[in-house]
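Please read the structure below before turning to the comments.
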Amino acid sequence: MDRILIIGAGAMGSAIARGLARTGVATGIYNRSAQRLKALDDVEGLQRFSDLGKAVEEMMPDLVIVALPAEASRRTIESLSKISGPGKACAATLSPMISLADMQAMIPGRNVARIMPNIGITKGESMTFICAAGPSGEKAGEKIAALFRTMGDAVLIPEHEMGAVTALASCGTAYALRYIRACMQAGVQMGLEAPDACRYTLQTLRGACALLADGNSHPEAEIDKVCTPGGLTIRGVNALDRGGFSAATIGAILESFKS
């Protein structure tokens with residue numbers, strides 16, 4: 001996919017545009033708001049459009065990513081078939097409210113995809129999920145995944161898993177940040193400055209992630225290594241268990257999944 005058009009310059013659309021433009025992929029973004037487009041003036045090589053028909057005609061994109069709220073996404077996807085020049089571009093939505101079947105009904109005969117990044121994409125560290133359908137949907141999905149791997153990690157999944165991964169990796173960002181915030185509060189109570197407590201917590205989490213990154217270990221195995229008999233860590237782990245830490249985390253993710 002050599003030419004990408006993003007429709008919508010909100011937080012996620014703009015972040016994707018910045019990330020793709022950095023890779024050298026021909027990237028354009030459409031938005032009716034000139035102010036939002038102006039905020040992207042610093043992105044070298046990014047084409048900006050305030051007319052959708054012109055954007056499609058000039059770019060002749062291989063992939064159109066619709067980064068709008070659900071109802072606006074529906075209207076836009078439907079309009080793609082009426083705009084001259086979209087050719088056989090794969091159409092993708094970021095909206096969790098629109099299924100592949102919905103998209104296929106709106107623009108039959110085309111490759112369609114759902115893309116679920118998380119806010120880490122603004123720092124090039126997203127966990128992104130893609131599902132795709134259409135005449136060559138799997139091939140299109142793999143190409144989209146390759147694009148998004150330049151902005152973190154990305155995998156192609158079956159659509160029925162989309163709700164679960166959204167709760168785990170998209171909503172989950174907020175839960176991870178709450179843990180960091182709680183560590184900062186504890187640090188402040190113990191006499192540390194908040195920025196220092198944040199810095200120490202972030203590096204601790206990087207180290208914890210590195211222990212598991214190669215896939216050759218399990219969290220409990222690594223916990224056991226640092227829980228010496230009668231030591232400080234086992235006291236803290238037991239306090240987490242008494243406070244319902246695991247149950248609360250699981251409950252939060254499942255609550256997001258239900259909704």
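For clarity, every value in this text was computed on a predicted model and none was experimentally measured.
With hydrophobic clusters built from ILVMFWY side chains whose heavy atoms lie under 4.5 angstrom apart, Met151 does not share a cluster with Ile157. No continuous path of hydrophobic side-chain contacts links Ile130 to Met116 [ILVMFWY only; heavy atoms under 4.5 Å]. One hydrophobic cluster, built from ILVMFWY side chains closer than 4.5 Å, holds both Ile4 and Leu156.
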With a 3.5 Å cut-off and sequence neighbours excluded, list the donor-acceptor pairs that the side chains of residues 62-71 form with protein atoms.
from  : atom 1 : to   : atom 2 : distance (Å)
Asp62 : OD1    : Arg3 : NH2    : 3.2
Asp62 : OD2    : Asp2 : N      : 2.8
Asp62 : OD2    : Arg3 : N      : 2.9

Please output the side-chain donor-acceptor pairs of residues 211-218 that fall under 3.5 Å, not counting sequence neighbours, one pair per line with the distance.
from   : atom 1 : to     : atom 2 : distance (Å)
Asp214 : OD1    : Asn216 : N      : 3.0
Ser217 : OG     : Glu222 : OE2    : 2.5
His218 : ND1    : Glu220 : N      : 3.1

Identify every side-chain donor-acceptor pair in residues 189-200 under 3.5 Å, counting partners at least two apart or on other chains, and give the distances.
none

Review item, side-chain donor-acceptor pairs of residues 19-29, under 3.5 Å, at least two apart:
from  : atom 1 : to    : atom 2 : distance (Å)
Thr23 : OG1    : Leu20 : O      : 2.6
Thr23 : OG1    : Val25 : N      : 3.4
Thr27 : OG1    : Val25 : O      : 2.9

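The side-chain hydrogen bond (donor to acceptor under 3.5 Å, both in side chains) check on Arg235 picks up nothing, with sequence neighbours excluded. Qualifying side-chain hydrogen bond (donor to acceptor under 3.5 Å, both in side chains) partners for Lys123, counting only residues two or more places apart in sequence or in other chains: none. Under the salt bridge (charged side-chain N to carboxylate O under 4.0 Å, His left out) criterion, Glu161 pairs with no residue at all, not counting sequence neighbours. For the side-chain hydrogen bond (donor to acceptor under 3.5 Å, both in side chains) test, no residue two or more places apart in sequence or in another chain qualifies with Asn31. Partners of Thr128 according to the side-chain hydrogen bond (donor to acceptor under 3.5 Å, both in side chains) rule, which considers only residues two or more places apart in sequence or in another chain, are Ser126. The side-chain contact (heavy atoms from CB on, under 4.5 Å) test applied to Arg181 returns Met184, Gln185, not counting sequence neighbours. For Val226, the side-chain contact (heavy atoms from CB on, under 4.5 Å) partners two or more places apart in sequence, or in a different chain, are Thr233.
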*Can you check side chain to side chain contact (heavy atoms under 4.5 Å, CB included) on Met162 and Cys131, steps first, answer last?*
CA-CA 8 Å; Met162 194 59 88; Cys131 58; 3.5 Å; yes
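Summarising the hydrophobic clusters (Ile, Leu, Val, Met, Phe, Trp, Tyr; side-chain heavy atoms under 4.5 Å, direct or chained), the residues clustered with Ile253 are Leu168, Tyr175.
With 3.5 Å as the limit, one finds a donor-acceptor pair spanning the side chains of Ser136 and Asn111.
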